[in-house]
Amino acid sequence: MYAMKRVYSPFKSELTFRISPATSRAWKDGFFWKTRVPSGSKVSCTPGSIRAVISSDDKALEPSSKEASNKEVDEIVFSSSSNKLGKGGIDVRAVITIRKKIKEKINEKIEDQWEYFVNGIGKGILIQLVSEETDPETNSGKSVQASVRGWLPKPSNNEHIIEYAADFTVPFDFGNPGVVLVTNLHGKEFYLMEIVVHGFDAGPLFFPANTWIHSSKDNPDSRIIFRNQAYLPSQTPPGIKDLRREDLLSLRGNGKGERKPHDRIYDYALYNDLGNPDKDDELARPVLGGEKWPYPRRCRTGRPPTKKDPKCETRIEKPHPVYVPRDETFEEIKRNTFSTGRLKALLHNLIPAIAATLSSSDIPFTCFSDIDKLYNDGFILKTEELGEIVQNPFLGNFMKRVLSVSERLLIYDIPAVIKRDRFAWLRDSEFARQTLAGVNPVNIEILKEFPILSKLDPAVYGPPESAITEELIEHELHGMSVEKAIEEKRLFILNYHDMLLPFIEKMNSLPGRKAYASRTVFFYDQAGILRPVVIELSLPPSPSSPCNKHVYIHGHDATTHWIWKLAKAHVCSNDAGVHQLVNHWLRTHACMETYLIATHRQLSAMHPIYKLIHPHARYTLEINALARQSLINGGGIIEACFSPGKYAMEISSAAYKNMWRFDMEALPADLVRRGMAVEDPSMPCGVRLVIEDYPYASDGLLIWSAIKEYVESYVDHFYSEPNSVTSDIELQAWWNEIKNKGHFDKRSEPWWPKLDTKEDVSGILTTMIWIASGQHAALNFGQYPFGGYVPSRPTLMRKLIPLENEQDHEKFIRNPQHTFLSSLPTQLQATKIMAAQDTLSTHSPDEEYLGQVSHLHSHWINDHEIVELFNRFSARLEEIEGIINLRNKDARLKNRSGAGVPPYELLVPTSGPGVTGRGIPNSISI
């Protein structure tokens with residue numbers, strides 16, 4: 001590794017202090033100086049590198065306009081070619097942009113002043129330029145080194161952004177720099193936004209960083225910052241080949257020891273941090289990952305094992321942070337407005353406050369007006385532990401707080417599902433519509449053949465009248481035969497039977513939890529309306545009841561009407577659990593984590609595929625770490641509020657084992673697998689929907705097609721040569737690591753796509769980007785809009801449906817409403833999950849959406865053709881947004897328009913902050 005040694009100049013700096021009104025306002029009474037070093041002074045470099053000469057003329061440190069652009073800096077510093085030629089070479093300048101904290105304490109502001117001073121005298125930051133050309137004497141890149149001295153005027157009105165400069169004189173044959181090495185001699189880290197090098201004939205050379213530079217006291221190695229030029233491994237200029245390899249090695253670590261907060265090490269570990277047996281035996285949880293409970297791998301933290309179970313890792317409990325590589329942590333605006341504000345308030349203050357208020361009276365809702373009060377009258381929290389919530393101005397609009405003496409009144413926003421039509425949730429058509437246009441539209445599948453259970457073993461399945469039969473369905477089809485309905489593709493099923501039945505007995509042994517394994521059959525009629533016709537709820541067979549299957553149809557009398565409503569509620573509860581544990585957490589969050597770890601370990605920041613994936617990695621590792629800490633952990637919110645309870649992650653593991661396969665995560669492949677589409681080469685994505693009015697699928701295919709077109713063009717641009725894919729050693733190592741480490745438990749599966757051609761590359765990357773963007777958006781940002789009204793979508797049920805020979809049946813007959821409401825989550829459970837769903841449905845103010853580039857990443861790649869491709873991608877997404885808006889106004893599309901029907905906007909690309917029910921972020925950021 002290139003090592004930058006601390007350099008002390010033998011020449012004194014002439015330090016001047018100047019506080020003009022403008023400077024005072026800009027720098028908050030900070031120091032301003034310029035340094036002068038006698039002409040010809042030399043700065044030593046590492047062995048084998050070329051000695052640098054620091055320019056003696058620092059007048060350019062004071063350009064007249066504090067709004068100077070990079071072009072203006074070039075004009076000021078190097079106004080003519082003659083000015084560029086020093087005695088021994090070419091004068092160049094590196095402008096270093098650093099971002100300070102937005103909110104600083106007094107002591108931090110004082111420390112800033114000291115840092116300004118230290119940087120001004122050249123003792124704070126060392127910069128080394130490494131050429132793409134090699135020094136024939138050392139066979140390594142030519143290099144020059146200098147200290148950062150003084151600062152330039154701020155490039156914008158942002159008072160938190162500071163620019164420093166380092167001046168060099170490089171030999172005429174130096175070539176273009178491809179790497180900047182940065183050494184931080186301060187005692188703490190700083191955030192480096194970018195480095196721009198001026199003075200070379202190629203114009204300003206950009207080195208985008210957006211990274212934390214660790215203190216040399218924590219790690220003596222210099223940070224390697226690459227220029228924004230994409231290179232395949234075989235194309236890497238010889239002067240920076242070694243640095244490319246060394247940077248990857250530093251990111252992989254050695255797999256040993258506990259990770260420190262400043263580390264940038266990406267490695268794999270089992271899910272062995274969900275339980276806490278040292279705290280309570282009831283909080284022990286199995287390790288996920290391995291033969292019994294296969295699972296994708298997570299990012300390794302290296303914490304020591306628990307005392308009671310050496311296979312489990314000790315936990316870091318809230319509010320202490322869990323390790324993620326330093327650059328994966330939330331940026332300050334995200335922390336202030338969401339993480340340490342909203343999310344931390346939720347997990348650390350709000351939910352304990354709710355629990356404290358309701359713990360002595362954790363009772364069910366007794367009437368529907370109790371639920372309505374959450375939106376109309378509010379929820380009173382009689383606790384003194386809400387200081388952080390009340391003080392945080394960014395908590396969002398999901399709870400409007402009214403201060404009344406010592407009480408806090410929380411009023412929830414009315415969820416979209418009942419905002420336009422208060423009673424929509426009661427209708428069968430809405431129950432069915434949400435399988436196509438709700439928050440979990442990815443489980444409905446076509447009924448390809450009908451299981452005539454009466455022909456199966458009666459010892460297992462019982463008599464035919466206790467299960468779904470053809471005759472029963474034909475009655476609901478108003479005379480149409482099952483064969484005819486299947487032939488015309490009019491029967492569909494929501495099947496949670498096989499997934500849940502092995503866990504039902506354990507789930508029902510938990511206090512306050514009662515569930516069935518369910519199957520629901522739907523009929524798509526001639527009018528284009530999907531409606532449920534039969535629900536089957538199953539319990540495990542027992543000696544006294546070898547057939548524990550119960551079949552329900554919607555009736556016309558009062559009793560069957562209420563029982564049908566209870567049956568639908570049980571189906572919704574199963575749907576909510578599978579959505580959260582399988583489709584949302586496993587298939588997006590957990591699987592994406594493995595792809596991102598491999599990306600950092602195996603693809604250089606110079607690699608074009610790294611540059612393509614990087615925007616889709618933002619915040620994912622951090623939000624996953626927070627989820628393991630407070631959401632999916634033993635005793636966490638998911639266990640407390642969803643039917644599976646402590647067995648939640650076991651169900652997720654079983655689904656991974658039995659159902660998950662990478663090649664089926666592509667949207668068209670998933671639709672075909674579920675029978676919701678058929679292959680049709682004449683269609684844009686090669687598939688034709690069976691139900692045209694399927695909002696998730698029809699909008700999703702537009703997004704998928706745009707991603708696919710962009711990715712294919714991007715890949716074609718870089719892999720134009722024959723065998724360029726198979727000869728790309730980094731790309732091949734990346735894909736092998738995803739299969740063999742990230743998904744170790746499925747490494748031998750035959751369905752993994754090959755990586756031999758550019759078509760293979762495009763297919764794999766399109767799937768990954770779809771998962772991180774469109775798929776996650778469709779499954780996440782509707783959680784509160786669709787789940788915020790508890791009766792519509794309960795996350796758990798606390799009672800089985802009363803049978804005629806049971807004592808509770810008489811109570812049900814006398815007061816069916818009480819039976820229904822007492823089967824739903826309690827007031828505490830409901831309020832907890834509503835708060836969590838609202839938080840998870842919220843867009844942060846600094847969200848970066850699909851097809852958009854943050855100004856911080858405006859110099860992400862130095863390739864005009866790629867920039868044009870991206871601009872076309874962005875324009876296509878704007879067109880798609882218009883198409884979706886028109887669809888939502890089309891009266892023929894009854895699943896997204898009509899009286900009281902909310903429009904389907906979850907796949908509209910853009911959104912503002914807050915709970916909007918729309919917007920596709922680039923990455924899984926919440």
Exercise. Side chains of Tyr496 and Asp575: is there a donor and an acceptor less than 3.5 Å apart?
Worked result: yes
If you measure from the Lys or Arg side-chain nitrogens to the Asp or Glu carboxylate oxygens, is any gap between [X] and [Y] under 4.0 Å?
X	Y	result
Arg298	Glu593	no
Asp693	Arg896	no
Lys758	Asp716	yes
Arg892	Asp890	yes
Glu445	Arg673	no
Arg244	Glu730	yes
Arg876	Glu709	no
Arg618	Asp846	yes

Exercise. Under the salt bridge (Lys or Arg N to Asp or Glu O under 4.0 Å) criterion, do Glu132 and Lys241 qualify, and how do the steps go?
Worked result: CA-CA 9 Å; Glu132 294 180 341; Lys241 270 188 175 181; over 6 Å; no
For this session: For Thr757, enumerate each residue passing the side-chain contact (heavy atoms from CB on, under 4.5 Å) test, keeping only those at least two apart in sequence or located in another chain.
Result: Glu759, Asp760
Problem set entry | Test of ring centre spacing under 6.0 Å for Phe781 and His843 | yes
Exercise. Are any of the side-chain heavy atoms of Asn624 and Trp585 separated by less than 4.5 Å?
Worked result: yes
Exercise. side-chain contact (heavy atoms from CB on, under 4.5 Å) with Tyr696: which of Thr435, Leu436, Asn895, Val442?
Worked result: Val442
